Every structure is written in structure tokens, then in C-alpha cells.
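See structure below.
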Amino acid sequence: MDNKLREELAAWLEFYRDLGIEDFYLPPGSGVAVASHERKESAPPVAAVSRGPAGAEAGRPSDSAPGRAGPAPTERRPTAGPPARSLSLFEAPPPPRREHETLEQVRRDLGDCRRCRLAGGRKTIVFGQGNPHAELVFVGEGPGADEDEQGLPFVGRAGQLLNRMIQFVGMKREEVYICNIVKCRPPGNRTPEKDEIDTCSPFLFRQIEAIRPRLVCCLGAPAMKTLLGIKEGITRVRGQFFDYGATKAFVAYHPAYILRNPREEKILREDFETIREFLKSAR
Ligand code: URA
């Protein structure tokens, strides 16, 4: 394959990956690759692009594409209507290659989001806060009442504990970046549901990719599940590092859990000590 063709193909694959389409198949005798959402069940895939660690769901980053996120599931689902025509990869000029995104671009793309039902109950979208080039990113679950009111993550009681922990690692809040898996407050502060997470988490993946931190700290089980695909109990996993594309991820208890179980604060301190040592060692 010549270089120009290879570049065109790469641009197309990247374009489809941004749409959440990662599998293609070759209909027998056609010689034309077809995107997987149009694939007949019996057709064998000819290429499957890695979707990250075992058990990971579509959209989570793989080693080769850290932080690359698929679209909201509503966008990924085939639409109703006449049967879709097979798409040839080469029917149109290739889309422009997407350069490294900034947080502002991700925020702009999120817009006045109405992609899921959480939009109906929110006051403010809580996108995230902090240093756009942070070494350390914290990912919580979703905004609570205080966050919804102020439009900023972790500003309530859990946020105060997180602030103390950030100081404990020798950093200031402005130096790190803080965000959540969902950007709108779930009613009654319930845990976000799967479809809400599926819809919103691509923006989280893109935030992390825009920042390119050295460490992403998952605060609580939902963040751990969303970013790492780990379904085990957090008690067994906390305090450990994982690969997250080209960066590292770490799992710690959510500060709100510690507020409810103050005896566990010792464990949180231990985990933040581990974070401190990690950041020191790699400097
Ligand atoms: N809990 C979270 O998970 N996130 C916030 O922003 C606040 C509380």
C-alpha cells in the first residue's frame, strides 16, 4: 500500500473511531470494507481495533489511543428508517486529521448538553476545574447539590476533604484537575446509571486526553469502573496502579465514603501518600 493511501486509510479509521465504530468487515467478493454497524451478523470481521484492557467497553482508551472516546450511545446506534447503504472507506475525501484537542474544545463540544436525562434536573453543567496541564487528575462520580449550584466540582464537604488530601500530597488545588464521570447532578445524588455514564464518559475520556496527566486518580468505584473497566470491589483494588493508555491510573476511596466511614481515613491517607511518592519518583 503506498503512503498516501495508508494516510487516507488512517484518517478514515480515526474518523470512524471518533464515531465509535471500530470494526470493519469485508463482504465476500466485494473488496470494499464496511463499517461494523452495517455488518450482517454472519459476516466475519476482518479488523478489530483494540478497545483497551480486557473487559473494557467501547470508547475506553487502548494503549495505542489513550483517552480516545467513542460517541454517546445514542449517536452510535443505527438509526431507524430505510436500510443503510454500505459505506466504502474511499467514497469521499478523507476527513481532516484531528489535532490534539484542548479542554476548551471538549467543553465547546459538550455545549448546553441535553444528551441524557440528567440534563432535566441540573442547574449547571459541572465540566471540571483546574490546571489544563495538570500532572494529576481526580475523577469523581457526579456533581452534588453544592457543585450543581456553583458549577464547580468537589466544593461541598467531600470537596473539603479532597482539598486536604491534595495539600497532603504537597500540591495546591489549582495545580491539579478535578472532574467527574457525569457532568450533571443525578437526582437525589444517586449513583449515575449506565446509560448516563455511557453518554457522558466520552467527554471525560477526551478531557483526560486533552490534559495528558501523569496520573489519573479514580475516586470511588464508579470512576474505577468507567475508566478501567474493573468490576471487582474497590476494597480489593484501592491503592493500586493501572495502565490507562500511556498514563497511569490509581484507585482510591471516594472522599464522601470516608466522611461516612471516618475510620477509613487512615487508608485514604496511605493511598494519597502512595500518590505523593509516585509523583515524586517520576519527576
Ligand atoms: N462527589 C463527586 O463525586 N463529585 C463532586 O463533584 C462532588 C461530590
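Since this is a predicted model, take the numbers as computed values, not measurements. All ligand and atom numbering here is 1-based and tracks the order in the structure.
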Exercise. What protein heavy atom is closest to atom 4 (N) of ligand 1, reported as residue, atom name and distance in Å?
Worked result: Asn180 OD1, 2.7 Å
For this session: Determine whether the side chains of Thr102 and Gln105 contain a donor N or O and an acceptor N or O closer than 3.5 Å.
Result: yes
Exercise. Any ion pair linking Glu265 and Arg269 (charged N to carboxylate O, less than 4.0 Å)?
Worked result: yes
Exercise. Backbone, side chain, both or neither: what part of Glu147 comes under 4.0 angstrom of ligand 1, heavy atoms only?
Worked result: side chain
Problem set entry | Any N/O pair Gly144/ligand 1 closer than 3.5 Å | no
Exercise. Hey, is ligand 1 close enough to Phe154 that some N/O pair sits below 3.5 Å?
Worked result: yes
Exercise. Does the side chain of Gln150 pick up a donor-acceptor pair with the side chain of Lys123 at under 3.5 Å?
Worked result: no
Exercise. Just which atoms of ligand 1 are under 4.0 Å from any heavy atom in His254?
Worked result: 1 (N), 2 (C), 3 (O)
Seminar exercise, completed: Here the atoms of ligand 1 under 4.0 Å from any heavy atom belonging to Glu141 are 2 (C), 3 (O)
Problem set entry | Donor-acceptor side-chain pairing of Tyr177 and Gln129 below 3.5 angstrom | no
For this session: Please work out whether the ring planes of Phe272 and Phe138 are parallel, tilted or perpendicular, with thresholds of 30° and 60°.
Result: parallel
Exercise. Under 4.0 Å from any heavy atom of Pro153, which atoms of ligand 1 are there?
Worked result: 6 (O)
Problem set entry | Atoms of ligand 1, numbered as shown, that sit under 4.0 Å from any heavy atom of Gly140 | 3 (O)
Problem set entry | atom 2 (C) of ligand 1: the protein heavy-atom neighbour that sits closest, reported with distance to 0.1 Å | Gly142 O, 3.1 Å
Seminar exercise, completed: Contacts satisfying ring-ring contact (aromatic ring centres under 6.0 Å, His included) that involve residues 143-175 (not counting sequence neighbours) are Phe154-His254
Problem set entry | Polar side-chain atom of Asp146 near backbone of Val155 as donor-acceptor pair, under 3.5 Å | no
